[in-house]
Amino acid sequence: MIFSWDLFINALVSGVLLGGIYCALAVGVTVAFGMLDINNIAHPAFIITGSYIAYWFNSRYGVDPLLIGFVAALPAFFVGRLLYRAYYYSFEAREGESLQGLAFFFGLLFIVEVSLLLFFGVDYRFVEAGYIGQSINLGIVSIPLRLLVPTVVGVVVTLCIMLFMNRTFIGRAILAVSQDPGALQLVGGSPVKVKEIAFGIAIATAIIAGALLIIIQPIEPSIGREYIGRVFAICVLGGMTSLTGTVVAAMLMGVVESLTTTFWGPSWAPLIAFGILLITLGVRPSGIFGR
Amino acid sequence: MTNQAITTPAGGPAAPVQRRPMSNWIVAGISTVIGIALLLVVDSMSMDYAYLAAYTVLQFVVMASAFNILAGYGGYINFGSAGFFGIGVYTSVVVYKALAAPFYVTIPCCMLVGGLLGFGTGYLTLRLRGIFFAIATLALAVVLNTLMINWDYVGGARGVYVLRPSEVPLIGSYTRYLFIVMLAMAIASVLIARAVENSWLGRGLQAIKDDETAAECAGIPSLRIKLIATTLTGAMMGAAGAPFPYFVTYVDPATAFNLSIAVNTLAMPLIGGLGTWIGPVIGAVLLGSLQQLATVTISSAANLLIVGVLLMVFIVVAPQGIVGLVRGIRERRK
């Protein structure tokens with residue numbers, strides 16, 4: 001291990017950049033899983049679906065992947081609502097066990113993955129855009145736009161969700177459901193409807209996150225599996241319901257992984273990240289920002 | 001069947017006399033007969049693929065039964081099945097490389113390591129309930145996977161080759177030998193699962209599943225019961241991985257810790273019927289055979305699709321699995 005400040009600062013910067021993307025990947029999990037208790041383990045599969053949507057329109061019509069992501073987020077919102085309806089009538093209305101909901105999404109994960117595999121094949125796919133390949137140099141630090149653009153977008157999306165949750169009526173209703181669904185019912189709100197909208201938002205963010213992900217790395221159908229652990233880890237580390245916590249945990253995860261990659265090699269990165277998760281679960285299960 | 005006997009009130013008017021659970025010896029005898037019959041059938045096919053297919057199915061009988069102990073009775077979902085399986089596989093590799101010991105030494109070693117891992121996991125995650133336990137076990141699998149990728153002694157990410165003798169005296173080809181070993185393990189794990197179901201351990205786990213706080217208040221040592229269950233599950237899954245390197249002769253972390261192992265281990269008891277000893281067996285035989293068939297006729301990608309679709313269909317239509325369906329039909333007939 002050779003230590004140098006140049007390397008360290010560069011690793012730190014790219015860690016923060018990585019953290020911004022992790023933010024976008026995990027924000028949907030925080031909304032669906034952390035706030036609403038929906039064990040959507042298929043979230044990464046939706047992310048990869050978003051990546052492939054971006055790839056498809058980018059390679060066919062040369063549209064900017066970010067634009068595709070935001071446009072596709074709208075239909076994804078409605079797909080998410082439908083999916084929650086199906087989930088609700090199958091499990092929540094019947095008071096099924098959480099294991100069953102988990103298995104439902106586990107099944108969905110593999111269906112989505114194999115469908116993508118059959119449709120797009122196993123080859124790695126990537127997108128093309130003007131900013132990919134350029135970078136900004138700030139003294140000793142060099143920031144590739146390939147990383148910077150998705151990061152900024154990812155953080156902005158997360159901040160928008162945060163604002164939405166705190167400032168709008170529906171957003172506050174979602175927070176209310178996450179705290180006490182029964183109480184919301186008492187004051188005349190319908191937890192099901194609110195959860196439906198929230199789940200739609202979660203899926204929409206997954207599609208956007210997918211478009212961001214394919215900008216920073218090539219994609220193949222089963223790559224989503226690598227992110228299952230990560231996004232849930234970020235959600236748990238951040239204290240489940242806290243979006244601020246999600247941002248901080250995502251940054252922490254990004255920085256830790258980046259430092260590990262730089263100084264020990266990329267194959268060690270998951271060990272450190274998940275080691276942190278295991279220790280957190282063992283010592284402080286409520287996460288960093290938990291109540 | 002046996003579960004009904006437990007839930008039927010002892011003094012109830014409708015309780016038939018012969019509804020008492022069959023004795024373990026009778027079940028052991030029946031399983032052995034079925035096992036020998038299976039061996040004869042596979043032998044008569046006289047091709048290596050039959051051994052591979054049957055071996056894979058049996059391996060999942062062990063995995064699914066082990067999963068069922070913790071998840072079916074206790075309600076704790078072990079998402080790290082692949083981690084426990086993989087640690088069994090790699091313990092086997094280490095024993096092979098370090099000691100060059102004969103194969104039968106390997107299984108106890110794998111059980112020991114798997115059991116210790118299960119104990120450690122249980123100890124670390126005792127305070128976690130429900131979904132957090134699932135996430136912790138998933139993280140554990142990733143950590144173990146990463147460790148193996150970086151451990152050059154066992155081949156690292158490149159994987160490792162295992163040389164095996166081609167013949168075993170009295171038994172024949174080594175593939176057949178390993179198949180018989182797996183057959184014995186499958187029978188043993190079914191018997192263990194059945195014994196657990198009818199013992200204080202199974203009932204304690206069921207009480208924990210229903211309401212952990214209430215169970216603790218009622219004086220059930222939930223801590224000890226959970227630790228025993230995680231250790232047992234770990235040991236069984238570790239054992240399931242023990243013959244794997246010898247069977248396929250080449251392993252790398254990507255195969256040993258594959259997520260498809262976790263999803264199969266979860267899907268099979270769910271499809272068969274969670275919380276019953278026979279459920280995982282039905283699920284493993286059904287889903288396992290279907291997958292082997294699909295691998296030959298369609299492609300190995302179809303495997304995962306089958307698991308995914310069946311899992312979702314069963315979860316929505318028949319949440320209690322095949323055992324639940326059969327029970328429902330029986331009760332309607334009465």
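Remember, it's a predicted structure, so these values are computed and weren't measured experimentally. Chain A is the first sequence line, chain B the second, and so forth, proteins listed ahead of strands; every chain is numbered from 1.
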Notebook entry, point to check: Side chain, backbone, both or neither: which part of B/L270 has a non-hydrogen atom closer than 4.5 Å to chain A?
Noted result: side chain
Notebook entry, point to check: So what's closer than 4.5 Å to chain B heavy atoms on A/E226: side chain, backbone, both or neither?
Noted result: neither
Margin query: A/F110 vs B/V307, test: side-chain contact (heavy atoms from CB on, under 4.5 Å). Steps then yes/no.
Written below: CA-CA 8 Å; A/F110 282 93; B/V307 182; 5.9 Å; no
Note to self: Under a 4.5 Å cutoff for heavy-atom pairs, which residue among B/N303, B/V316, B/I306 has the most contacts with chain A?
What the structure shows: B/V316
Next item on the list: To the nearest 0.5 angstrom, please state how far the CG atom of B/L305 sits from the OG atom of A/S115.
Entry: 6.0 Å
Checklist line | chain A contact via B/L138 - which portion, at a heavy-atom distance below 4.5 Å | finding: side chain
Check: Should we say atom CZ of A/F126 is surrounded by more than 12 heavy atoms from elsewhere, each under 6.0 Å from it?
Finding: no
Item checked: Nearest-0.5 Å distance that lies between atom CG in A/L277 and atom CD1 in B/I135 -> 7.5 Å
Notebook entry, point to check: Side-chain contact, heavy-atom cut-off 4.5 Å: B/N258 with A/R225?
Noted result: yes
Item checked: CA sep, side-chain torsions, deciding dist, call: B/I77, A/F106, side-chain contact (heavy atoms from CB on, under 4.5 Å) -> CA-CA 12 Å; B/I77 307 146; A/F106 216 178; over 6 Å; no
Note to self: Less than 4.5 Å apart, side chain to side chain, heavy atoms only: is that true for B/F132 and A/M240?
What the structure shows: yes
Checklist line | Contacting moiety of A/Y89, where chain B heavy atoms sit under 4.5 Å | finding: neither
Checklist line | Part of B/L140 within contact of chain A (heavy atom distance under 4.5 Å) | finding: both
Margin query: Show every side chain to side chain donor-acceptor pair (under 3.5 Å) that has at least one partner inside residues 133-148 of chain B, sequence neighbours left out.
Written below: none
Notebook entry, point to check: Can you tell which of B/I315, B/N150, B/L304 has the highest number of heavy-atom pairs within less than 4.5 Å of chain A?
Noted result: B/N150
Checklist line | Region of A/L271 in contact with chain B, defined by heavy-atom distances below 4.5 Å | finding: both
Notebook entry, point to check: For B/L266, is it the side chain, the backbone, both, or neither that has a heavy atom closer than 4.5 Å to a heavy atom of chain A?
Noted result: side chain
Note to self: Tell me the closest heavy-atom pair linking A/L278 and B/A136, and the distance in Å.
What the structure shows: CD2-O, 3.5 Å
Checklist line | Euclidean distance, A/L281 CG relative to B/F133 CZ, rounded to 0.5 Å | finding: 11.0 Å
Notebook entry, point to check: Between A/S267 and B/I149, which heavy-atom pair has the shortest distance, and what is it?
Noted result: CB-CG2, 4.0 Å
Notebook entry, point to check: Where does A/I111 contact chain B at under 4.5 Å (heavy atoms): side chain, backbone, both or neither?
Noted result: both
Next item on the list: Sort A/I272 into side chain, backbone, both or neither according to what part of it lies under 4.5 angstrom from a heavy atom of chain B.
Entry: neither
Check: Contact part of B/L311 toward chain A, heavy-atom cut-off under 4.5 Å: side chain, backbone, both or neither?
Finding: side chain
Margin query: At a 4.5 Å cut-off on heavy atoms, which part of B/F314 comes close to chain A: side chain, backbone, both, or neither?
Written below: neither
Margin query: Give me the atom names and distance for the closest heavy-atom approach of A/F274 to B/A139.
Written below: CD2-CB, 3.8 Å
